[in-house]
Engineer: 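Before we start, here is the structure in question, set down as structure tokens.
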Amino acid sequence: MRRNNYPYQPLNQQPASSGSAPAHDSLEAENERAAEELKQKIGALKSLTIDIGNEVRYQDNLLRGIDDDMDRTSGFLGNTMTRVVRLAKQGGGSRQMCYMFLFVLTVFVLLWLTLKFK
């Protein structure tokens, strides 16, 4: 009879008698079987923890790479914004800013149309 979904089934308790040696051998065999099952489960858990550790290291490296890329992009964007502000402060910069805005707007509209009708 199984209890709580565990494969352990208690052995019948027999009073000590002349047949105690076979009962002892059956208990020993049961312990050996249980020990072997535990050994297999421990091996599976060890393998699983090693796989989890490898996955964590892989994702850590991936996140570090993304962080480095974001830092580079942030620096590039900061430099670009500095140039745009400098361009706007120069004489005649408002006309160039208008052209740049129209160009960016045209590019976005073309991308939107391309993606919408794809």
Side-chain angles (χ1 to χ4, degrees):
M1 140 159 94
R2 286 184 137 179
R3 295 181 187 171
N4 300 328
N5 292 328
Y6 295 118
Y8 170 74
Q9 296 177 355
L11 297 174
N12 293 332
Q13 297 295 325
Q14 298 175 356
S17 63
S18 62
S20 66
H24 177 68
D25 290 341
S26 67
L27 285 175
E28 189 67 29
E30 180 74 19
N31 284 341
E32 290 296 323
R33 186 183 62 77
E36 187 62 34
E37 286 178 10
L38 282 176
K39 184 177 177 182
Q40 290 173 354
K41 289 178 183 180
I42 289 171
L45 286 174
K46 180 179 178 182
S47 173
L48 182 63
T49 54
I50 289 171
D51 290 344
I52 289 172
N54 291 338
E55 183 68 22
V56 165
R57 279 189 287 282
Y58 170 75
Q59 290 188 11
D60 182 52
N61 288 337
L62 187 66
L63 287 174
R64 286 179 196 266
I66 290 172
D67 186 44
D68 292 343
D69 291 345
M70 291 298 287
D71 286 343
R72 276 183 264 150
T73 303
S74 175
F76 179 71
L77 186 59
N79 291 339
T80 302
M81 289 305 297
T82 303
R83 290 178 186 161
V84 168
V85 168
R86 190 174 10 155
L87 179 65
K89 288 182 180 178
Q90 289 178 351
S94 61
R95 188 174 69 189
Q96 290 175 347
M97 288 295 286
C98 182
Y99 288 144
M100 185 170 55
F101 175 75
L102 289 174
F103 172 74
V104 169
L105 184 64
T106 304
V107 168
F108 279 122
V109 168
L110 289 174
L111 284 172
W112 178 74
L113 289 173
T114 303
L115 293 174
K116 183 176 180 181
F117 296 112
K118 185 175 180 182

Engineer: Cluster question for you: counting only ILVMFWY and a side-chain heavy-atom cut-off of under 4.5 Å, with indirect links fine, are F117 and L110 together?
Structural biologist: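 Each belongs to a different hydrophobic cluster.
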
Engineer: Is there a path of hydrophobic side-chain contacts, each under 4.5 Å between heavy atoms, that joins Y99 and V107?
Structural biologist: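 In one cluster: no.
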
Engineer: Run through K39, K41, Q40, R33 and flag the one making a side chain to side chain donor-acceptor pair (under 3.5 Å) with E37.
Structural biologist: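 Answer to the side chain to side chain donor-acceptor pair (under 3.5 Å) test with E37 among K39, K41, Q40, R33: R33.
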
Engineer: How far does OG1 of T82 sit from CG of L77, to the nearest 0.5 angstrom?
Structural biologist: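 Going from OG1 on T82 over to CG on L77, the span is 9.5 Å.
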
Engineer: Just grab all the salt bridge (Lys or Arg N to Asp or Glu O under 4.0 Å) pairs involving residues 43-63, residues at least two apart or on different chains.
Structural biologist: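 Residue pairs with at least one partner in residues 43-63: D60-R64.
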
Engineer: So how far is it from T49 OG1 to I42 CD1, rounded to the nearest 0.5 Å?
Structural biologist: 11.5 Å

Engineer: Whether the side chain of T73 engages the backbone of D69 through a donor-acceptor N/O pair (distance < 3.5 Å, no angle test) should be reported.
Structural biologist: yes

Engineer: Supply the atom-to-atom distance D68 CG to L63 CG, rounded to the nearest 0.5 angstrom.
Structural biologist: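 One gets 11.0 Å once the value is rounded to the nearest 0.5 Å.
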
Engineer: Looking at S74 and M70, would you say the former's side chain and the latter's main chain have a donor-acceptor pair under 3.5 Å?
Structural biologist: no

Engineer: I need the L113 CG to F108 CZ distance, nearest 0.5 Å.
Structural biologist: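 Between L113 CG and F108 CZ, I get 13.5 Å after rounding to 0.5 Å.
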
Engineer: Transitively linked via ILVMFWY side-chain contacts under 4.5 Å: F103 with L111?
Structural biologist: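 They do share one cluster, since a chain of ILVMFWY contacts under 4.5 Å joins F103 to L111.
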
Engineer: If you link I, L, V, M, F, W and Y whenever their side-chain heavy atoms are under 4.5 Å apart, who else ends up in the same group as Y58?
Structural biologist: none

Engineer: Of all the heavy-atom pairs spanning S26 and A23, show the shortest one and how long it is.
Structural biologist: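 Residues S26 and A23, closest heavy atoms: OG-O, 2.8 Å.
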
